[in-house]
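Side chains are part of it too, since the values below use all heavy atoms of this structure and drop only hydrogens, waters and symmetry mates.
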Amino acid sequence: MALKVSLYELADLSIGTPEIGVVNFNALHTLLHALLRHLKLEDLLTEIRPERPERGAPPASALERRLSVEKGLEELAPPPGEGAARLADLEKKLLQLESNLQGVEDQVRGVGDQVQGVQDQVQGVQDQVQGVQDNVQGMGKKLKGFQKQVSGLERLPSGSDLLEKTKSGSGTAVADMWQMMQMQKKVEANEEAVGQ
């Protein structure tokens, strides 16, 4: 299990712990790797030349390596003042993104409100269609009633039939018609009562 410490604590562990002047190379190695990762320099390439030992001077390759790494760091570092400008530019872009996000959220809310409005309109149309269907059904019932009345009237004897029956001597034609009309009214009343 890895122990987590801050880079500041790791620097203290690397140099001067447990005694002043003592270097813990494992801790120093870990600190340098963490710094390189944080600075995103872990993939930076440098030249390594074979060592040429000189008396009293550090090996040339170590010095050259140090200079090469320093030169690489200088190339990667932004010019003075540019870091602040980049930071200001990034902050400006972040504010713009937040503003754009707020605008998108407002648009989504607006679309949600529009969808709700359309749903309300659809419900209103459905209610109107239901009302029209109810009216059509009511008209259909009334039409059936009219059809029954017309068919009843068609069954009544015509005026010429009544005249012929009165001429023939049977005086019951008008009485028969009167009885038939009374019976039809009773039948219709019974049908309406049964229909309810």
Side-chain angles (χ1 to χ4, degrees), residues 1-10 30 33-43 76 78 81-196:
M1 182 166 142
L3 177 66
K4 293 196 176 214
V5 295
S6 69
L7 293 180
Y8 185 81
E9 293 170 331
L10 189 57
T30 304
H33 274 269
L35 289 173
L36 289 172
R37 266 193 311 275
H38 180 71
L39 296 173
K40 295 184 174 43
L41 298 175
E42 62 265 355
D43 294 328
L76 288 175
E82 187 177 303
R86 286 181 67 194
L87 181 61
D89 186 46
L90 287 174
E91 287 175 349
K92 182 180 174 183
K93 287 180 180 178
L94 180 63
L95 289 174
Q96 187 177 10
L97 282 174
E98 287 175 352
S99 173
N100 289 346
L101 179 62
Q102 184 64 39
V104 168
E105 288 174 350
D106 292 344
Q107 287 177 352
V108 167
R109 272 190 232 105
V111 168
D113 293 344
Q114 288 176 353
V115 167
Q116 184 62 42
V118 168
Q119 287 176 340
D120 293 344
Q121 288 177 352
V122 166
Q123 184 62 44
V125 169
Q126 287 176 340
D127 292 344
Q128 289 177 356
V129 167
Q130 184 63 42
V132 168
Q133 287 176 342
D134 292 344
N135 286 341
V136 168
Q137 288 176 353
M139 289 176 163
K141 290 178 182 177
K142 287 181 182 178
L143 182 61
K144 286 180 183 177
F146 288 137
Q147 285 175 341
K148 288 179 183 178
Q149 288 177 359
V150 168
S151 66
L153 289 175
E154 288 175 351
R155 283 187 255 137
L156 291 175
S158 67
S160 58
D161 290 340
L162 287 174
L163 285 175
E164 280 182 33
K165 285 186 181 182
T166 51
K167 287 181 186 176
S168 66
S170 81
T172 62
V174 175
D176 290 342
M177 187 175 89
W178 178 255
Q179 282 181 340
M180 190 161 69
M181 288 174 58
Q182 291 299 318
M183 286 180 72
Q184 279 184 332
K185 286 184 180 182
K186 288 179 183 178
V187 168
E188 287 175 6
N190 286 336
E191 286 177 352
E192 284 182 25
V194 169
Q196 294 178 356

Residues that K141 engages under salt bridge (charged side-chain N to carboxylate O under 4.0 Å, His left out), provided they are two or more places apart =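 Not a single residue meets the salt bridge (charged side-chain N to carboxylate O under 4.0 Å, His left out) criterion with K141.
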Would you please name every residue forming a salt bridge (charged side-chain N to carboxylate O under 4.0 Å, His left out) with K4, sequence neighbours left out?
->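 Partners of K4 under the salt bridge (charged side-chain N to carboxylate O under 4.0 Å, His left out) test: none.
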Side chain to side chain contact (heavy atoms under 4.5 Å, CB included) partners for S6, two or more places apart =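 Partners of S6 under the side chain to side chain contact (heavy atoms under 4.5 Å, CB included) test: Y8, E9.
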Taking all atoms of both residues into account, what is the closest heavy-atom pair of E191 and K148, and its distance?
->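 The answer is OE1-NZ, 3.5 Å.
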Would you mind listing every side-chain hydrogen bond (donor to acceptor under 3.5 Å, both in side chains) that reaches into residues 95-104, with sequence neighbours excluded?
-> Q102-D106
Output side-chain donor-acceptor pairs under 3.5 Å for residues 125-137, partner residues at least two apart or in another chain, one line each.
{"residue": "D127", "atom": "OD1", "partner": "Q123", "partner atom": "NE2", "Å": "3.1"}
{"residue": "Q130", "atom": "NE2", "partner": "D134", "partner atom": "OD1", "Å": "3.1"}

From K40 NZ over to E42 CD, what is the distance, rounded to the nearest 0.5 angstrom?
-> 8.0 Å
